[in-house]
Amino acid sequence: MFTRKQWLTISLILVCIGAVGAINILLNGEHVMGNTNQVPWGILIAGYVFFAASSTGVGLISSLGHVFGIKRFELLGKRALLISIILLLCGFGVLALELANPLNMIYILLSPNIKSPIWWMGALYGLYLLLLFAEFYYSLKEDHKKVKPIANIALITKLAAVSNLGVIFGMLHSRPFWQGPYYSLYMILTAILSGAAILSIAFYFVGQKGRQVVYQGENILINLGKILAGALFITAIFTFWKILTSLYGGIPGKSEAAIALLVGPLGLKFWVMEIILGIFLPLFILIKYSFQPQKVMFASILTMLGVLFMRLDFVLSGQIIPLELIEGLQITGYNPYVPGWSEWALIVGAIGATIFLYMLGEKKFNLDVIVDNHEHQENLASTKTTLVKVEA
Amino acid sequence: MVKISRRTFLKASALAGLASSLPLIMNFGDFTKAAELLPVTRIPTMCNGCSSTCSKYVYIKNGRVWKVEGNPIDLKSSGRLCARGHGMAADVYGLGRVTQPMKRGDDNTFEPISWGQALEEIGDKLYKIIDEHGGNSVMWLGHGGKEHYASTFLDEIGSSNYVTHYATCFSSKTNVWDRMVGTTLNSDFDNANYMLFVGRNFAGGIIPGAMNRITKAKERGAKIVVVDPRYCELAIIADEWVPIRPGTDLAFFLGIAHTLISEKLFDRSFIANYVYGFEEFWSANKDFTADKAAEITGIPADKIREIARDMAHNAPKAFLDSGYHGLHAHYANSTQIAMLNVVVNALLGNMFKVGGLMPGASISLGHVETPLRETPEKGPRADGAGVEEEYPTVEPGRGIPQIVPDLIKKGRVKALFIYHYNPLRTAPDPEYQKGLKDAELVVSIPVDWNETSLHTAHYILPESYYLERTEPPKVVSGFIAHDNPQISLRRQAIKPVHNTLPLLDMLKGITAAAGYYNLYPFTVEDEIKASVKPLGISPHVLMETGCIEFPANVKPGFPIKDGKPAVNTFTGKIEFSIGAFKLYGSPGVATWVPPLVMPQGEDEFRLIHGKQPWHSHHITSNNPYLMAISDMYNGTWAWMNKGRAEKLGIKNGDLVTISSEKAVKTVNVKVTELLHPDCVWIPSAYGGFSERLKTAYQQGINYNDFIPARVEPLSGTVMGQEVVVKVSKGGIS
Amino acid sequence: MARFAMLIDASRCTGCNACRIACQMQWQLPPARYYNRLEHNEKGTYPNTKWEITPIQCMHCDNPPCRDVCPTGATYKRTDGLVLIDGKKCIGCKYCMVACPYGVRQINDDGIPEKCRFCAEYIIEGKMPPCVSTCMNEVRIFGDLDDPESKISKLMARKAVYQLLPEKGTRPRIFYVRK
C-alpha cells in the first residue's frame, strides 16, 4: 500500500477538491447545488447523515470497551475517540455548507424551538462533541476516573443523538416513506454498521504500523468483522421489510418511493451501490475469507461506499415522489434531482479531511492503548492496564 | 440592522475588494422594507399585453415600473388583469427590445445609427421611390391600430395600400357581419340564459371583463355550452363540452339552423320583419338536416337538436357567440361559417335584444382640425382586396397581408413600412415571408427584435414601449355588450428606458425628410384636447382617471328609421343573402362547403392551434415571466388524443416529428383525453427563430411553419387550419 | 382580533396564471419563483372527460408543521392566523420545506424558504392580495372569519367546503368550495 507521505498527499488532494467545491457553494449558493424546491434536501444532507452516524457508530463500538468493559475492545480506546471527533467535525462542516445562513445558528440558543427535531439534533450532537472532547482530553491525560463517567453519559447522548437523527425524518407526516419510528432504529443499526467498518479500516492500517491490534491472539479486526457481518445481515433484513411493508397495499407516497428505489430513478444506486456493493459483497467476502483482517478491511471499504449511497437513497426516497394534494390526481414522473459537482467534491473533500486529520492526530497524540493479554478480569481497571509510551 | 446572509456577505466581501464603494447587497426582506418607504405613484394607462387594450394602473416605485392593476371602470378589464397584462408590463425592461435605430449593413448585420440619420435616409429613399414608382408603391403593413397616422401619410402620397394582419386572424367575421348586419354585435353576457361558444375560447384569448361576466352568468344559472375540438379552458366552466370534428363547424351550424326552421322553433316575426333572403337560404339548405350534420361533425344528431331546442327555448336570451380567431380565418368555409353565425342568431331573434346580441355603446370623439391638403388620386390596391379582377369581396380596409412577398416580386410594392407586426412568425410560411426583404425599402417599427425586423428590415425604428408613450383616447369597444360608452387613454408612465420614439415623432421626421412639410401639425396633447372637446370633459380628468364612462346611450330594439328597418345594409334588414357575393359569381347564401383537406391515414391529423391563457400569440413568448409558466406546465407541447397516440406508440412527453409539405418539426407531445382524435393542437405562441429574442428562441413550434400562404377568395383569409400533418414518434436527427 | 382565511372555488379556475404573476410582481420575485401554483387534473375518457385546475398556495395552517419543525422559531404564526417567516432567524436548514405537505415553500436568493404571506402588510390596510384582486373569474375570496359581515364568512356559511389533506392534521386556513 501507500506510504504515509503518499497517504498525506492523496488526502490533501481530496481536501483541495473539497475546498474548490466549498468555495463554489459559498459564492454561488443554491445555484450550484442540485437542491430544488421539490427536493430541498440533497446529497449534503445525506453526507451529513453519513458522517454524523458514522461518528456515533464508532463511538458506540468503542463503548463496548470503555463502558461495557469488554477488554478486547479497549484496544480501540483513544483512536476511536479521535476518529469519532473527526467524523463529527467533518459532518458539521458538510452541514454548515448545506445551511444557507449558518451564522444564524445563534438563534438555536436565543429562540429555541424544542418541538423541532433539528433543534434536538443540534443540542445532542453539540453535547456529544463536547463529551468527546472531554473524554479524549482525559484519555490523553490517562485520567480514567474522569473518563469513565464521561463515557457513560456519552453513551446515552450518542444513542439519543443518532436515534434523533432518524426522528428528524420520522416526524414528517408530509413524507409517508419516512414517517414513523423505523428510521430511529435503522439509524442506530447502520451507525454500528459504519462504525465497525471505519474502525476496521483504521485498525488495519494501525496494525500495519506495528501497533497493538491483537488481543489474546485474536486480531481486533476479526471481532470488528463479526460485528460488521452481523450489522450487514440485520441491515439486509431491515431493508427487506422496509421495502416490503412500503410496497404492500400500494399506499400513496410510500409504495411509489419503494418502487423508485427498486425500479425507478434510484434503482441503480439502490441495487448496485447499496445492496450488492454495500451489503452482499462485503458479507460474502467476510464469510468466504473467515474474517481475515485484510479481507475485513476490503469488505469495510465496500461497506462504506455502500453506506454513502444508502444515505443518499434514504434522503432522496422520501422526497422523490411529488406530493399528492388532490384526490385522484395522477402523479406522473418523479421529482428530478441531480447533485452538483461542488456537492460531490465536498463529500470527497470531507473524506479526505477525515484521513488527513486522523493522520495528523496519529502524529500529534499518543493514541496507543496497550491491553494486557494475560489478564482475564471482567472489569476494566486502570491500574491493570499497562500503558507504554511509544516513540513516534 | 442590515442583515446579511452568509452567501451575500461573501459575495459582498469579494466585491468590496474590487469596489469598496459598493453598498452591501441587502436581502429580499430588507429590500421590501426599504422599498416600502419609497413613494409610490399610480399612473392610469392602457395595457398592450394583447390588442384588447384594457385600462390599468401602473405603479411606479423608485422610478421603475413595480406592478399593474386593472382599472375597475373599464369594461374590458373590469378591474382585473390577465397574466399577459402583468408580464408584459415587466417587459419594458426586457432584453429583447431594440434599444436604438438600426440600419442593416452590407454584411447583413445591424449597425446602430442616430434618429436624425435614420429618418433622413428613410425620407430620402422614400422620396426617390415615390418619385420613380408613384405613391401607390408604398405599403403600410401593420397589426392594426393607429390607423389615422398611417392613413394621413398614405393619403398624402396617394397610396391605397394599408394592410392589417386581420386576414391571418378573423377577416371572414368582419367581412360577413358588415355585409349581412352592417355592424358587429356583442354578446350580452350579463343577461343571457344560454350561451353557445363555438371555436371561441374566452378563457384562452382572454378579455378579463368578458370572463368575469361569463362566470357571473354561470353563477346566476345561465347555461354554457362549448363546442370545440379541444377541451379548451372555457370548457372548464361550461356545463357541457361538445367535441366537434375540426373543420366541420359549418355543418354544425347548418344542422342547428335546420332544426330551428324545420321544427318551427325560430322567431318568425323577427325573420319576417327584419330579415332579407330567408327563403333563399332555406331552399338552399332544406336537406341539410341535423342527421346530415351529425354525420359530418361527429356530434350526435340528438345533441345538435337538443342544443337548437334549448337555445330556442331560452331565446331571445340565448346567443351563439359571434366568435373570433378560432373559426374566422382558418377554413375554406370560414366565410360561410360567419354567415351561418349570423343566420343562427337571427333565427333566434336575439339581435338588438337584452340577453342576446347587442351593439356596443359608442361615442364620437373630436379630431384635431388640420388645414386641408391637396392629395393625389390613389391607385388600385396592390393586394387586390376589393379590386374587381382580383379579390372583389375582400374588405379593402383590411387587406391581404400574407401575399405581400408576391406583390414585391410583381413590382407592385417598392417601399414597405411594417408597424408592430411580425409576419415572419404570425403569417403563413416564414421562408416565403422572408421575401419581404426584397422591397427597395423595408422599414420595421417594432419594440423588440422580432423575426421580421431581424430578417427583412433595412431599417429598424424602435418605438417606445407602451408604458413610455401617451396616445390619444379611444372608444372602448368589442365583444362585450354594454350600454354605457367608455373612452380610455394610454398615458406615459415612465421615461423611455432606451433611445426610442413614439410613432408620431418618427412619421413627422420621415415625412418631412421626404418633402411633405408639416404633415402632422399637432402634438399628442393637441389630439387629446381635441378628442375630448365634444364630450365636455377636460383632458386633465381623462389623464387622471385613464378611463371614463358616459351615460347609457344604447337601448334594445331593432334600428328603425322612418318606420323601416335600418341597419347599415342595402335593404336595411339583416341579409341572409349577400348581394356582392352573387355579383361576383358566388352563391349569395351560405351552403355546405367541405373543408379543403381531411386527414385520412393512421398517422394523419389536422393541425389546429389556439391561444394559451398566458400568451398572446407570439409577441409574449420572449417574456421570461410568461415563459416560466410555459416551462412549468409544459406549455410548448403539442396535444394529441390518447387513443390515437396509443396506436402510434406515442406516450406522454415523447418527442414526435410533425410534418407537412412545408415543414418538418420536432416537439414534445401531451397525450390527453381532452382533444378530438382527428387533430393535433399546438399553442400559437411559440416557434421563435429570432436569435435576438433569447427567451423565445427555438421554444416549441408554430402552426405557420406548416401552411403555405394561401388566400380564401371571399374574405382573403389564410385558411390556417386547412393542413394535414403526419406525426411519427421520435425527433428528427 | 382578525382571523384571516381564504375560500377558493377551484371549479371557476381556468388556469390563466394571472394570480401567479400578479404575486410575482407584488413581491418582485424572479420569473421561476412563485408563491402560488396550479394543479392540473384530467379525468375520464374522451369524450366524457373533465379538466380540473386547483390553485395551491401556503395554507396558513392553524397547526403548521413548518412552524413546529423550525429549530429557531423563524417560522411563526401571527395572532391573526398568518404563518410568516422571520428571515433573520432562519438558518436555512430547509426543514420547513420538507415538512410542508403542500410543497409551497420556495427558496430565495438568501437561502430563506419563502412562501405566500397572505400579503401581510396589505391586508391590514384593508387591501386585497393581488392573487385575489386580479382574478377575472373571482376564484379566491379573502377575508376575516371573525367578521360575520365579511364576504368570506357569509359564503362559508352557505357553501360546503373542504380542506386539502385534512388527514395531515394541519388545519389549513384555505378552504375549497366542494364541487
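Just the heavy atoms: all of them, side chains too, but no hydrogens, waters or symmetry mates, feed the values below. In what follows, every chain begins at residue 1, and chains take the letters A, B, ... in the order their sequences are listed.
Proximity to chain C is limited to the side chain of A:Leu172, based on heavy atoms less than 4.5 angstrom apart. When heavy atoms are compared at a cutoff of 4.5 Å, A:Ile168 approaches chain C by way of both its backbone and its side chain. Using a 4.5 Å cut-off between heavy atoms, C:Tyr76 does not touch chain A at all. Using a 4.5 Å cut-off between heavy atoms, A:Trp178 contacts chain C through its side chain alone, with no backbone atom that close.
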For this session: Please test C:Thr75 against C:Arg105 for side-chain hydrogen bond (donor to acceptor under 3.5 Å, both in side chains), starting from the C-alpha separation and ending with a verdict.
Result: CA-CA 12 Å; C:Thr75 293; C:Arg105 294 243 181 185; 3.1 Å; yes

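Checked against A:Tyr337 for a side chain to side chain contact (heavy atoms under 4.5 Å, CB included), the options A:Thr36, A:Ile43, A:Leu266 give a single hit: A:Ile43. A side-chain hydrogen bond (donor to acceptor under 3.5 Å, both in side chains) with C:Gln57 is found for exactly one of C:Arg140, C:Arg20, C:Arg37, namely C:Arg140. With A:Glu274 as reference, A:Asp313 is the one residue of A:Leu312, A:Asp313, A:Val307 to meet the side chain to side chain contact (heavy atoms under 4.5 Å, CB included) rule.
Contacts with chain C were tallied for A:Val39, A:Asn113, A:Leu109, A:Leu95; A:Asn113 has the most, counting heavy-atom pairs under 4.5 Å. Heavy-atom pairs under 4.5 Å with chain A peak, among C:Val98, C:Thr170, C:Leu164, at C:Val98. Here C:Ala99 is the residue among C:Ala99, C:Gly73, C:Gly103 with the most heavy-atom pairs under 4.5 Å with chain A.
Across all their heavy atoms, A:Lys269 and A:Leu316 have their closest contact at NZ-CD1, 4.5 Å. The shortest non-hydrogen separation linking A:Gly91 to A:Tyr48 is O-CD1, 3.2 Å.
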